[in-house]
Amino acid sequence: MLSVMPKPEVKRAVNPDEPLLSVQDLEVEYHTRRGKVRAVDHVSFDIYPNEVFGLAGESGCGKSTIAHAVTRILHPPAYIVGGKIMMQGIDILQMNDDNLRGFRWEHMSIVFQSAMNALNPVITVGAQIMDAIQAHTDMSKKDARARAKELLNTVGIDPERVDSYPHQLSGGMRQRAVIAIALALNPELIIMDEPTTALDVVVQKQIMKEIRQLKDQFGFSILFITHDLSLLVEFSDRIGIMYAGELVEVAPSRQIFTNPQHPYTYKLMNSFPTVSGPRQKLVGIPGSPPDLITPPTGCRFHPRCDVAIAGRCQEVMPRLAKVGDRHYAACHLVDEKVIHG
Ligand code: SF4
């Protein structure tokens, strides 16, 4: 169970109507022997204070690359070749390495999929939390240890486990320990890349519920990445759907669930079981995502789309268009509705 801790001081005034994070026209390429792969192609989205923004899509659609680009932990052969990433007015792509190191933990942190890979197996979890704290503050060892215990308690781990090694904890506890490290410096944004994928469904649900409570308690925002759309719909405030490196739909979760506008979103929704709700037959999406070295012309989804408009979808790339309140979709069927009523 979570303990209720006092809300930390807000580091700077935050306007709830101003984006906390703004990703504008982001382009990321992987330079491979076969050629350049445009893994993220002109992707733009904002995340607001205290918001959970989810990114979903099949493997290889670019969602994890975005997470790595935002935190600037992309390494060659991946290169950011265009766009801007702004957080609270700071241009992340222009920061030098020193500033970036501090910024990463104090203002944004990341939780990866596999806790076992994120944690050092030969260092106790308490020492790993203390390392994160002491690398960025002048807190004494004694206070950092007390803070590590407090953080373990916050994420539902007995503080007496502070001297446990990762292998002495269950999978769920290890993932909680990684979340404790991410919370250590009270960042405004936490990026969670498939944070519960390696866990069983019961533990997964429990941790997701707890993450949401922590978000409400501490007031941070989350960029939540997963291929599991049903989990995302339950957990996020707004969702962006990625396909082949592009953002094809963005909307409040409820809209994505009840009124998806892009044929890919619709098919993705039907290919996952809902956590709650009536039983229904699941239908896979025929075909597979394109090879991004030679992506299809026009709409990248057209080879798999059963409602493609002949002569248009194969030739003209659709752009995100507003289709409702905070609802955008990139599809010529939607263009037609928007333009012709
Ligand atoms: Fe299908 Fe055309 Fe819409 Fe692409 S633009 S999703 S091919 S209808």
Side-chain angles (χ1 to χ4, degrees), residues 23-29 36-45 53-66 82-83 225-230 232-233 236 238-272 274 280-341:
V23 174
Q24 299 158 14
D25 258 337
L26 182 66
E27 298 168 84
V28 181
E29 283 179 355
K36 290 180 182 173
V37 177
R38 180 62 67 95
V40 176
D41 204 359
H42 294 282
V43 166
S44 301
F45 62 88
F53 183 78
L55 272 182
E58 292 163 291
S59 296
C61 68
K63 52 194 192 305
S64 289
T65 302
I66 290 176
I225 292 169
T226 180
H227 64 279
D228 184 342
L229 192 50
S230 55
L232 208 57
V233 165
S236 307
R238 280 186 309 133
I239 291 176
I241 304 292
M242 299 276 306
Y243 184 76
E246 296 174 337
L247 201 53
V248 296
E249 186 158 7
V250 183
S253 303
R254 180 116 207 105
Q255 287 290 316
I256 290 280
F257 184 60
T258 58
N259 189 25
Q261 292 290 307
H262 196 283
Y264 176 63
T265 309
Y266 183 81
K267 285 183 181 298
L268 205 58
M269 287 297 305
N270 285 329
S271 62
F272 280 99
T274 52
Q280 60 184 52
K281 193 169 176 222
L282 300 180
V283 187
I285 305 175
S288 48
D291 179 349
L292 290 180
I293 287 184
T294 50
T297 55
C299 172
R300 289 185 178 173
F301 188 58
H302 85 253
R304 302 171 78 187
C305 183
D306 49 16
V307 288
I309 306 165
R312 182 150 183 220
C313 294
Q314 291 85 349
E315 281 156 31
V316 184
M317 182 184 277
R319 301 282 174 203
L320 274 179
K322 185 164 183 175
V323 294
D325 183 25
R326 299 193 299 153
H327 194 161
Y328 301 83
C331 169
H332 292 310
L333 290 176
V334 168
D335 289 352
E336 300 267 313
K337 270 194 255 170
V338 171
I339 296 165
H340 302 293

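Note that ligands are numbered from 1 as they come in the structure, with each ligand's atoms numbered from 1 the same way. Note that these values count all heavy atoms, side chains included, but never hydrogens, waters or copies made by symmetry.
Counting heavy atoms from C-beta on, the side chains of Phe45 and Arg238 never come closer than 4.5 Å. Looking at heavy atoms from C-beta onward, Ile241 lies out of side-chain contact with His262 at the 4.5 angstrom threshold. Residues Glu246 and Met317 have side chains in contact (heavy-atom distance under 4.5 Å, counting atoms from C-beta outward). His227 has its side chain within reach of Lys63: a pair of non-hydrogen atoms, C-beta onward, lies under 4.5 Å apart.
The side-chain contact (heavy atoms from CB on, under 4.5 Å) test applied to Pro296 returns Pro290, Arg300, His302, Pro303, not counting sequence neighbours.
A side-chain donor-acceptor contact under 3.5 Å links Glu58 and Tyr264.
The set of protein atoms (N, O or S) found at less than 2.8 Å from atom 3 (Fe) of ligand 1 reads Cys331 SG, by chain and number.
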